[in-house]
*Asks:* 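Just dropping this structure here.
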2 protein chains.
Amino acid sequence: MVADTPELVPLLAHLARISRRAAERAADDDDTTLRPRHVIALELLRDRGPMSQRDLGAALSLDPSNVVGLLNELERDGLLERRRDPRDRRRHVVTLSASGVRAHERSAHRYREIEDRIFASLTAAERRAVHDLLSRVAADAADAARPEPRD
Amino acid sequence: MVADTPELVPLLAHLARISRRAAERAADDDDTTLRPRHVIALELLRDRGPMSQRDLGAALSLDPSNVVGLLNELERDGLLERRRDPRDRRRHVVTLSASGVRAHERSAHRYREIEDRIFASLTAAERRAVHDLLSRVAADAADAARPEPRD
DNA sequence: TATTGTTATACTCTATAACTATA
DNA sequence: TATAGTTATAGAGTATAACAATA
């Protein structure tokens with residue numbers, strides 16, 4: 001008898017690399033598709049509303065020092081805004097912009113084209129099942145990363 | 001109406017990072033757990049038998065120049081062997097060792113402990129479903145990466 | 001000429017430490 | 001003192017180019 005519980009962690013890393021390389025091969029030279037972590041950042045802001053850089057970094061599982069660079073890029077392109085929190089001037093409150101919503105939609109569309117090839121062996125229902133289950137895991141991880149619910 | 005087909009690529013990258021960081025936090029200082037791509041490499045050799053570095057790299061979706069370093073590590077620790085193919089002396093045939101099988105099992109066990117936390121919001125059946133579906137995608141990707149079936 | 005494996009190298013991603021400004 | 005954000009920096013991961021050996 002072998003593993004009664006499967007090891008998913010190496011499999012996730014493996015498929016993440018396959019996906020990333022497929023996206024790179026599919027990209028033109030002047031490709032503006034957002035990279036995965038940009039997409040996730042915009043989704044978190046869209047689904048959970050404005051939040052501090054700290055909370056965003058925790059939800060992304062990204063080191064604070066790297067959140068800075070990520071937000072610099074997204075802010076430079078006008079996809080979000082950073083404003084100082086008047087109630088705690090140490091904090092920057094990050095807010096998604098209308099451009100950010102549109103950019104997210106464009107990139108999501110591009111990723112779906114890539115997925116049509118990578119996940120061709122799954123039926124539409126199976127793809128949806130994988131997406132729903134993994135989304136739940138990601139949402140719970142984001143909740144767990146923010147132990148103090150605001151106000 | 002929003003996305004009728006989900007975007008999985010960013011989600012996979014996101015969960016891969018969450019998993020990797022959870023594994024790092026759980027590791028002792030003298031941790032010998034194999035990293036995800038080592039685990040996948042050993043699994044490919046176990047499930048598909050000996051193959052050339054080129055084919056292994058293609059199945060891993062890893063650049064040939066980086067396959068070298070990966071195999072150097074695994075060979076140094078005795079988990080696999082490289083032998084010149086007598087029928088084509090350019091090729092190195094990579095073969096899993098008995099130590100490699102044991103090392104894989106130990107690491108797989110460690111990853112399962114980490115997954116118990118990450119995937120706590122899924123039932124055992126749901127975890128199995130995700131694993132089975134993603135395994136199929138990975139297996140098909142590995143097949144597609146080796147377009148010429150040997151003899 | 002083309003392919004396999006290799007080396008050298010640059011670029012991206014990520015973590016750690018030290019700093020600043022605020023609390 | 002402690003925390004949010006930032007900067008600097010080193011290490012890991014990865015891709016590209018050039019090379020040697022072999023076909």
Side-chain angles (χ1 to χ4, degrees), chain A residues 10 13-14 16-25 27 29 31 34-38 40-41 50-76 80-94 145-148 150, chain B residues 10 13-14 16-25 27 29 31 33-38 40-41 50-75 80-94 145-148 150:
Chain A
H14 182 46
R17 176 164 49 235
I18 289 174
S19 303
R20 180 181 52 75
R21 293 185 106 209
E24 274 166 14
R25 275 196 307 276
D29 282 349
D31 194 321
L34 298 167
R35 273 157 296 165
R37 86 198 91 106
H38 299 83
I40 299 291
M51 64 181 86
S52 71
Q53 293 192 196
R54 184 191 168 284
D55 287 348
L56 184 59
L60 286 167
S61 197
L62 209 58
D63 191 272
S65 64
N66 299 321
V67 173
V68 175
L70 177 70
L71 294 184
N72 285 348
E73 294 174 10
L74 293 171
E75 192 178 38
R76 167 175 47 75
L80 52 77
E81 282 182 9
R82 277 191 272 209
R83 299 197 207 91
R84 227 171 247 290
D85 184 342
R87 286 178 303 183
D88 182 345
R89 295 183 40 78
R90 291 172 305 183
R91 291 177 180 253
H92 283 173
V93 177
V94 183
R146 191 202 42 166
E148 53 228 310
R150 206 61 60 73
Chain B
H14 182 46
R17 176 165 48 237
I18 289 174
S19 302
R20 180 182 51 73
R21 292 185 106 207
E24 273 167 14
R25 275 197 306 276
D29 282 349
D31 194 321
T33 307
L34 297 167
R35 274 156 296 163
R37 87 196 88 109
H38 297 83
I40 299 291
M51 63 182 85
S52 73
Q53 292 191 196
R54 184 191 167 286
D55 288 347
L56 184 59
L60 286 166
S61 195
L62 210 57
D63 191 89
S65 64
N66 299 321
V67 173
V68 176
L70 177 70
L71 294 184
N72 285 348
E73 294 174 11
L74 293 171
E75 194 179 36
L80 53 77
E81 281 182 9
R82 274 191 274 209
R83 298 196 208 91
R84 227 172 245 292
D85 183 342
R87 288 178 302 184
D88 183 344
R89 292 184 41 77
R90 292 173 303 184
R91 290 175 180 255
H92 282 173
V93 177
V94 184
R146 192 201 41 164
E148 54 229 312
R150 205 62 61 71

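Please read all numbers here as calculations on a predicted model, not as lab measurements. Lettering follows sequence order; numbering is per chain, from 1.
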*Asks:* When the nearest nucleotide of DNA chain D is assigned to P64(B) and to R84(B) on a heavy-atom basis, which residue is associated with the more 5' position?
*Replies:* P64(B)
*Asks:* Would you say the base of dT22(D) and the side-chain of R89(B) have a donor-acceptor pair closer than 3.5 Å?
*Replies:* no
*Asks:* What contact category does R82(B) fall into here, base, sugar-phosphate, or nothing, at under 4.0 angstrom with non-hydrogen atoms?
*Replies:* sugar-phosphate
*Asks:* For L71(A) and dA4(D), what is the distance between atoms CG and C1' respectively, to the nearest whole Å?
*Replies:* 13 Å
*Asks:* With heavy atoms under 4.0 Å as the rule, sort R20(B) into base, sugar-phosphate or nothing.
*Replies:* sugar-phosphate
*Asks:* Please tell me if the side chains of R82(A) and N72(A) come closer than 4.5 Å, counting only heavy atoms from C-beta onward.
*Replies:* yes
*Asks:* Roughly, in whole Å, what's the span from CG in D85(A) to C1' in dA23(C)?
*Replies:* 12 Å
*Asks:* Measuring to OP1 and OP2 of dT3(D), would you say a side-chain N or O of R54(A) lies under 4.0 angstrom away?
*Replies:* no
*Asks:* Does the side chain of L71(A) come within less than 4.5 Å of V67(A)'s, by heavy atoms?
*Replies:* yes
*Asks:* Got R37(B) and R17(A) here, is their nearest side-chain heavy-atom distance under 4.5 Å?
*Replies:* yes
*Asks:* So that I can tick it off, tell me whether E73(B) and R35(B) are bridged by a salt bridge, with the cut-off set at under 4.0 angstrom between side-chain N and carboxylate O.
*Replies:* yes
*Asks:* How close or far is atom P of dT3(C) from atom CD of Q53(B), stated in whole angstroms?
*Replies:* 17 Å
*Asks:* Quick one: is dA21(C) close enough that its OP1 or OP2 comes under 4.0 Å of any side-chain N or O from R91(A)?
*Replies:* no
*Asks:* What is the distance from CG of L56(A) to C1' of dG5(D), rounded to the nearest Å?
*Replies:* 13 Å
*Asks:* For a quick check, tell me whether the side chain of S65(A) and the base of dT14(C) share a donor-acceptor pair closer than 3.5 Å.
*Replies:* no
*Asks:* Could you give the CG-to-P distance, from D63(B) to dA17(D), as a whole number of Å?
*Replies:* 11 Å
*Asks:* Can you tell if the side chain of L62(A) reaches within under 4.5 Å of the side chain of L56(A), non-hydrogen atoms only?
*Replies:* no
*Asks:* Answer with yes or no whether N66(A) presents, from its side chain, a donor or acceptor under 3.5 Å of a partner atom in the base of dA15(C).
*Replies:* yes
*Asks:* Taking CG from D55(B) and C1' from dG5(C), how many angstroms apart are they, rounded to a whole number?
*Replies:* 13 Å
*Asks:* What I want to check is whether an N or O donor and acceptor connect the side chain of R90(B) with the base of dT3(C) at under 3.5 Å.
*Replies:* yes
*Asks:* Atom NE2 of H92(B) and atom C1' of dT6(C): how far apart are they, to the nearest Å?
*Replies:* 10 Å
*Asks:* Using the closest heavy atom to pick a nucleotide of DNA chain D for each, name whichever of V94(A) or R35(B) lands nearer the 5' end.
*Replies:* V94(A)
*Asks:* Please classify the nucleic acid contact of R25(B) as base, sugar-phosphate, or nothing, using heavy-atom distances under 4.0 Å.
*Replies:* nothing
*Asks:* Expressed in angstrom and rounded to an integer, what is the separation of I18(B) atom CD1 from dA15(C) atom P?
*Replies:* 12 Å
*Asks:* Measuring from the side chain of R37(A) (C-beta onward, heavy atoms only), which nucleotide among dG5(D), dC13(C), dA12(D) has the closest atom?
*Replies:* dC13(C)
*Asks:* Between V94(B) and Q53(B), is there a side-chain heavy-atom distance shorter than 4.5 Å?
*Replies:* yes
*Asks:* Among dT14(C), dT7(D), dT16(D), which nucleotide sits nearest the side chain of L62(A)?
*Replies:* dT14(C)
